[in-house]
Amino acid sequence: MVPALRYLGSVCGLARGGFPGGFSAACAPAPGKPWLLCQGGRRASTSSFDVVIIGGGIVGLASARALILRHPALSIGVLEKEKDLAIHQTGHNSGVIHSGIYYKPESLKAKLCVQGAALIYEYCNQKGISYKQCGKLIVAVEQEEIPRLKALYERGLQNGVQDLRLIQQEDIKKKEPYCRDFQEAGGSVLTNFEVEDIEMAKESPSRSKDGMKYPIVIRNTKGEEVRCQYVVTCAGLHSDRISELSGCSPNPRIVPFRGDYLLLKPEKRYLVKGNIYPVPDSRFPFLGVHFTPRMDGSIWLGPNAVLAFKREGYRPFDFSARDIMDIIIKSGLIKLVFQNFSYGVNEMYKACFLSATVKHLQKFIPEITISDILRGPAGVRAQALDRDGNLVEDFVFDGGVGDIGNRILHVRNAPSPAATSSLAISGMIADEVQQRFEL
């Protein structure tokens, strides 16, 4: 008998062209131009805003959307350092809407994932964004995994995951035989705006009628500046550095982990019908190598989890001396490595030798061979790590003290399932902004 968990609500992927933030490819401006649409609400200038969100990924955009829908009289801007939105973690995720089964009961991850999944489905239905609800199968392939699988089932029930049940081998065979709101409301998005400095204004801008109404100055690498009253940062891979720029605590530090995907060749796609996941190792926040059908019909296998030598390093040999020095000197990585040396070596070995990964995949679908797979895309996960070498598993939100600290809210750790949870996270951020800044 091979016990498994069956969750009926997990989605295989979203169609391209829209995501929960309200943007679609059809709405994009020319590269490098500000995203500006001031229809309804108060018209915002491109240099002064009531609230600025730093980071144009899914959490930043969803937060901007939630704030402007709740406070239409405020001018709200999003600053993104790249020429387009959702380039990094958002644009490199698996496309799966998660159920919330994995996370510690009563944690923010558990609550926001379950709420967020429901909101994502509702949003997709409202906006006509295609998705495929193909379910998720979590399979125990080793005897020692069975108690962990049963514990996972109990955890899912505690978290309020719907349509969850334990199934046996005969049921597995039946399932897997072979095994654009924010801008429309008056918001502004400025791309190609890489934040270099955040400080309190020493004087009002020349010829400004607003005086010191916008006391925070956000300056980019080109010397251009934006002024605002309040700041929300959703900077992902650079969240610790942006926090430090504002004079707030840099801890927890971000350590980048690259996740490499493999692709199942088209002629072998019939082997996988829905999401197939291993029983996760509770010591780590990673879900293990899994099978993910995409909306375009492709099947992704992965990801693994190996240390990236650059925060935005999507290739094995991408390297940044600054990023490596930060990891070694400022984070608790050395302690993490010593505590989990064998796990890390095994992940690196599987990343280098496809045969090792295929051997693992064959535990679920024995028919897969090394000739059936190709190397695919990769993503980089912004994993928060404390100085004791502990992986920070839950979402972290904080601010600071002083003139700037009292006007800023940092989203410090928002790893998977942040995409699934984005609309729920944005609601919580909007609540926190309203209370903290008395909007």
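In what follows, every heavy atom counts, from backbone to side chain, and hydrogens, waters and symmetry copies are set aside. In this chain, numbering begins with 1 at the start of the sequence shown.
Inspection of the E194 and N220 side chains reveals no N or O donor paired with an N or O acceptor under 3.5 Å. H410 and S246 are linked by a side-chain donor-acceptor pair at a separation below 3.5 angstrom, with hydrogens and angles left out of the test. In summary, the side chains of N159 and Y102 do not present any donor paired with an acceptor at a separation below 3.5 Å, with no hydrogens or angles considered.
Taking a cutoff of 4.0 Å between a charged side-chain nitrogen and a carboxylate oxygen, E347 and K350 qualify as a salt bridge. A salt bridge is defined here as a Lys NZ or Arg NE, NH1 or NH2 lying under 4.0 Å from an Asp or Glu carboxylate O, and E176 with K273 fails to meet this definition. Of the charged side-chain nitrogens involved, none lies within less than 4.0 Å of a carboxylate oxygen, so that K363 and E145 do not count as a salt-bridged pair. A salt bridge does not link R258 to D318: none of the charged side-chain nitrogens sits closer than 4.0 Å to a carboxylate oxygen.
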- Message: Walk me through whether L245 and I242 qualify under side-chain contact (heavy atoms from CB on, under 4.5 Å).
- Response: CA-CA 5 Å; L245 273 182; I242 292 293; 4.1 Å; yes
- For R241 and D323, what are the C-alpha separation, side-chain angles and deciding distance, and is it a salt bridge (charged side-chain N to carboxylate O under 4.0 Å, His left out)? CA-CA 11 Å; R241 290 175 177 170; D323 292 348; 2.6 Å; yes
- Item | Candidate pair K83 and N192, rule side-chain contact (heavy atoms from CB on, under 4.5 Å), full reasoning | CA-CA 5 Å; K83 67 178 182 178; N192 278 331; 3.5 Å; yes
- Could you go step by step and tell me if L391 and V255 meet the side-chain contact (heavy atoms from CB on, under 4.5 Å) rule? CA-CA 9 Å; L391 296 165; V255 176; over 6 Å; no
- Message: One pair to check against side-chain contact (heavy atoms from CB on, under 4.5 Å): L301 and I299. What are the steps and the verdict?
- Response: CA-CA 7 Å; L301 314 174; I299 306 293; 3.9 Å; yes
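Using modelled atom types, one side-chain atom of K109 and one backbone atom of S416 make a donor-acceptor pair closer than 3.5 Å. Of the possible polar contacts, none joining the D388 side chain to the N390 backbone as a donor-acceptor pair under 3.5 Å is found. Here the side chain of R65 pairs no donor or acceptor atom with the backbone of G60 at under 3.5 angstrom. No donor-acceptor pair under 3.5 Å is formed between the side chain of T233 and the backbone N or O of A235. Side chain of T420 to main chain of A117: no donor-acceptor pair is present (N/O by atom type, distance under 3.5 Å, no hydrogens or angles). A donor-acceptor pair under 3.5 Å is absent between the side-chain atoms of S421 and the main chain of A424, judged by distance alone. Listed for the N93 side chain is a donor-acceptor partner under 3.5 Å among the backbone atoms of T90. Side-chain atoms of E80 come within 3.5 Å of backbone atoms of E82 as a donor-acceptor pair (strictly under, hydrogens ignored).
No more than 12 heavy-atom neighbours from other residues, nucleotides or ligands sit within 6.0 angstrom of NZ on K104. Remark: M348 CE is loosely packed, at most 12 non-hydrogen atoms of other residues, nucleotides or ligands lying under 6.0 Å away.
Counting heavy atoms from C-beta on, the side chains of I365 and F291 come closer than 4.5 Å. I53 is listed as a side-chain neighbour of L67, based on a closest heavy-atom distance under 4.5 Å. Side chains of N275 and P293 form a contact here, defined as non-hydrogen atoms less than 4.5 Å apart. Considering only heavy atoms from C-beta on, K174 comes within 4.5 Å of D171 through its side chain. By the 4.5 Å heavy-atom criterion applied to side chains, H290 and K136 are not counted as neighbours. Using a 4.5 Å heavy-atom threshold, the side chains of V231 and I216 count as touching. For the pair E196/K81, no side-chain contact is recorded, criterion being any heavy-atom separation below 4.5 Å from C-beta on. Taking the side chain as every heavy atom from C-beta outward, V195 and R219 never approach each other to under 4.5 Å.
Closest of all the heavy-atom pairs between S107 and D394 is CB-OD2, 3.4 Å. Nearest heavy atoms, Y214 versus Q229: CD2-CG, 3.9 Å. Here the closest heavy-atom approach between residue F395 and residue P417 is recorded as CZ-CD, 4.4 Å. Minimum interatomic distance between I373 and I368 (heavy atoms only, all atoms of both residues): CG2-CG2, 4.4 Å. Of all the heavy atoms in S331 and L385, the pair that sits closest is OG-CD2, 4.1 Å. For V114 against G160, the heavy-atom pair with the smallest separation is CG1-O, 4.1 Å.
For R269, the salt bridge (charged side-chain N to carboxylate O under 4.0 Å, His left out) test picks out no residue, with sequence neighbours left out. With sequence neighbours excluded, the residues forming a salt bridge (charged side-chain N to carboxylate O under 4.0 Å, His left out) with R70 are D431, listed by chain and number. Partners of P256 under the side-chain contact (heavy atoms from CB on, under 4.5 Å) rule, at least two apart in sequence or in another chain, are L237, A308, R311, I327, V380. Taking the ring-ring contact (aromatic ring centres under 6.0 Å, His included) definition, one finds that Y314 meets it with H88, H92, sequence neighbours left out. The salt bridge (charged side-chain N to carboxylate O under 4.0 Å, His left out) search around E432 returns R436, not counting sequence neighbours.
A distance of 7.5 Å separates CG in D50 from CD1 in I76, rounded to the nearest 0.5 Å. The structure places CD of E312 at 10.0 Å from CD of Q89, a figure rounded to the nearest 0.5 Å. Atoms OG and CD1, on S422 and I120 in that order, are 4.0 Å from each other to the nearest 0.5 Å. From C234, atom SG reaches atom CG of L79 across 11.5 Å, with rounding to the nearest 0.5 Å. The structure places CG of N413 at 10.5 Å from CG of D240, a figure rounded to the nearest 0.5 Å. The NE2 atom of H71 sits 5.0 Å away from atom CG of L439, with the distance rounded to the nearest 0.5 Å.
Within the structure, salt bridge (charged side-chain N to carboxylate O under 4.0 Å, His left out) contacts touching residues 406-429 (residues at least two apart or in different chains) are D398-R412.
Aromatic ring orientation, Y230 versus F437: parallel (interplanar angle below 30°, classes split at 30° and 60°). Classification of the Y261-W300 ring pair by plane angle, with boundaries at 30° and 60°, yields tilted.
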